[in-house]
S.K.: 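This is the structure I want to talk about, given as structure tokens.
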2 protein chains.
Amino acid sequence: MPEDRTHKVSCSSFTYELEVAFEILSGKWVPLIIWHLADGEPKRFGEMRRLMPKVTQKMLTQQLRALEKHGLVSRKVYQEVPPAVEYSLTEMGLKLIPIFENVNGWAVEYLEKREES
Amino acid sequence: MPEDRTHKVSCSSFTYELEVAFEILSGKWVPLIIWHLADGEPKRFGEMRRLMPKVTQKMLTQQLRALEKHGLVSRKVYQEVPPAVEYSLTEMGLKLIPIFENVNGWAVEYLEKREES
DNA sequence: CAGCATCCTTGGGGATACTG
DNA sequence: CAGTATCCCCAAGGATGCTG
């Protein structure tokens, strides 16, 4: 979290905004989580775990909570026994998807060119 | 570096390509470095240091070398005394800039909405 | 000027066990 | 089921000093 906006001055061409974005997205499993929620379908915690077997339960919880705090993911708790929790992308979260697709497009081209050499 | 492409199987909807991209871009100072080279003008090492006073010399070298290895940045050494080295974005590096601008646009909207609440 | 070499610290993150 | 709570380790990265 860029604590002081005066940083803007010392790094004039790296906008405060861009810095914030990369800070939010730089969580180790954040891109993966967002990508798995990209279809707009809410998913339960256990479902997410199964989709991402390499992510420990601790990290999944931690990163989901961070995304919730930042307003990219919403967490809906159903008061039942046993408890059920659903995660989904918020409006702002969904708006990241086209960007992710652009990144993916870039990467496809990148890998093609790498293989040539 | 995703060492095995079989990972693609266990994380079916997170493409190998997207994973590669985020891996390259997730270096702590990578976005900042790319942003400072976005104008296409080659910049000398000392120049970069002045532009990014918060980045230590060790990290700047390290991250620039990683970007060079990945083919996003080119490093040109002029055999002089004293030595001069210029860094600039490669073709693939430059193609990231529009994406960065989209991210920036997203972040602007994101911060606006956050302030409302 | 543009680094490389070392030492040292910190916290990110894994493994494991427990709970409402 | 959906998490907390602890312990612990290692490597990312900062500080400092030296060099072709």
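Each chain gets a letter, A, B and so on, in the order the sequences are listed, and its residues count up from 1. Please read all numbers here as calculations on a predicted model, not as lab measurements.
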S.K.: Under the side chain to side chain contact (heavy atoms under 4.5 Å, CB included) rule, what do B:Val55 and B:Met48 come out as? Steps first, then yes or no, please.
M.R.: CA-CA 9 Å; B:Val55 187; B:Met48 298 292 284; over 6 Å; no
S.K.: Output every pair passing salt bridge (Lys or Arg N to Asp or Glu O under 4.0 Å) with a member in residues 79-89 of chain B, not counting sequence neighbours, ordered by first then second residue.
M.R.: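 Every candidate salt bridge (Lys or Arg N to Asp or Glu O under 4.0 Å) pair involving residues 79-89 of chain B fails, so no pair, neighbours aside, qualifies.
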S.K.: Test of understanding: with side-chain hydrogen bond (donor to acceptor under 3.5 Å, both in side chains), list the residues that count as partners of B:Ser88, not counting sequence neighbours.
M.R.: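 In terms of side-chain hydrogen bond (donor to acceptor under 3.5 Å, both in side chains), with neighbours along the sequence ignored, B:Ser88 is linked to B:Ser74.
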S.K.: So do B:Val73 and B:Leu89 actually touch side chain to side chain, heavy atoms under 4.5 Å?
M.R.: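 Heavy-atom side-chain distance check passes, below 4.5 Å.
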S.K.: Set out, in order, the CA-CA distance, both residues' side-chain angles and the distance that settles side chain to side chain contact (heavy atoms under 4.5 Å, CB included) for B:Ile24 and B:Val30, then state yes or no.
M.R.: CA-CA 8 Å; B:Ile24 293 174; B:Val30 163; 5.5 Å; no
S.K.: Just how far, in rounded Å, is P of D:dA2 from CG of A:Leu60?
M.R.: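 In whole Å, D:dA2 P lies 11 Å from A:Leu60 CG.
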S.K.: List the residues meeting salt bridge (Lys or Arg N to Asp or Glu O under 4.0 Å) with A:Glu91, not counting sequence neighbours, and say none if there are none.
M.R.: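 Checked A:Glu91 against salt bridge (Lys or Arg N to Asp or Glu O under 4.0 Å); matches are A:Lys95, B:Lys113.
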S.K.: What is the first contacted nucleotide of DNA chain C and what is the last, in 5' to 3' order, if contact means an atom lying under 4.0 angstrom from a heavy atom of chain A?
M.R.: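 The contact span of chain A on DNA chain C goes from C:dG13 to C:dG20.
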S.K.: Would you give a per-nucleotide map of nucleotides 4-20 of chain D, 5' to 3', where B means the base has a protein non-hydrogen atom under 4.0 Å away, S means only the sugar-phosphate does, and - means neither?
M.R.: B--------BBB----B
S.K.: Using a 4.0 Å heavy-atom cut-off, does B:Tyr78 contact any base of the nucleic acid, only the sugar-phosphate backbone, or nothing at all?
M.R.: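 If one applies the 4.0 Å heavy-atom cut-off, B:Tyr78 turns out to touch nothing in the nucleic acid.
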S.K.: Is there any side chain to side chain donor-acceptor pair (under 3.5 Å) pair reaching into residues 40-49 of chain A, and which pairs are they, with sequence neighbours excluded?
M.R.: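 Sorted pair list: A:Asp39-A:Lys43.
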S.K.: With sequence neighbours excluded, tell me which residues meet salt bridge (Lys or Arg N to Asp or Glu O under 4.0 Å) with A:Lys58.
M.R.: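 With neighbours one apart ignored, the set is empty.
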S.K.: Starting at atom CE of A:Met48, determine the distance to atom P of D:dA2, rounded to an integer number of angstrom.
M.R.: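 In whole Å, D:dA2 P lies 12 Å from A:Met48 CE.
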S.K.: Test side chain to side chain contact (heavy atoms under 4.5 Å, CB included) on B:Leu111 and A:Glu17; report intermediate values, then the result.
M.R.: CA-CA 8 Å; B:Leu111 288 168; A:Glu17 288 79 11; 3.6 Å; yes
S.K.: Under 3.5 Å, sequence neighbours excluded: what are the donor-acceptor pairs made by side chains of residues 97-108 of chain A?
M.R.:
unit_1	atom_1	unit_2	atom_2	d
A:Asn104	OD1	B:Thr15	OG1	2.7
A:Trp106	NE1	B:Met92	O	3.0

S.K.: How about A:Leu32 and B:Phe22: do any of their side-chain heavy atoms sit closer than 4.5 Å?
M.R.: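 No - every pair of side-chain heavy atoms lies 4.5 Å or more apart.
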S.K.: How large an angle, rounded to 10°, do the end axes of the helix from C:dC1-D:dG20 to C:dG20-D:dC1 enclose when each is built from five base pairs?
M.R.: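 Terminal axis comparison yields 60°.
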S.K.: Please list all pairs passing the ring pair (Phe, Tyr, Trp, His ring centres under 6.0 Å) test where one or both residues lie in residues 72-92 of chain A, with sequence neighbours left out.
M.R.: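 The answer is none; no pair qualifies.
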S.K.: Could you go through the side chain to side chain contact (heavy atoms under 4.5 Å, CB included) check for A:Gln57 and A:Thr61 one step at a time?
M.R.: CA-CA 6 Å; A:Gln57 180 271 348; A:Thr61 305; 3.5 Å; yes
S.K.: Where along residues 37-46 of chain A does a heavy atom come under 4.0 Å from DNA chain D, residue by residue in number order?
M.R.: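 Residues of residues 37-46 of chain A that come under 4.0 Å of DNA chain D are, in numerical order, A:Arg44, A:Phe45, A:Gly46.
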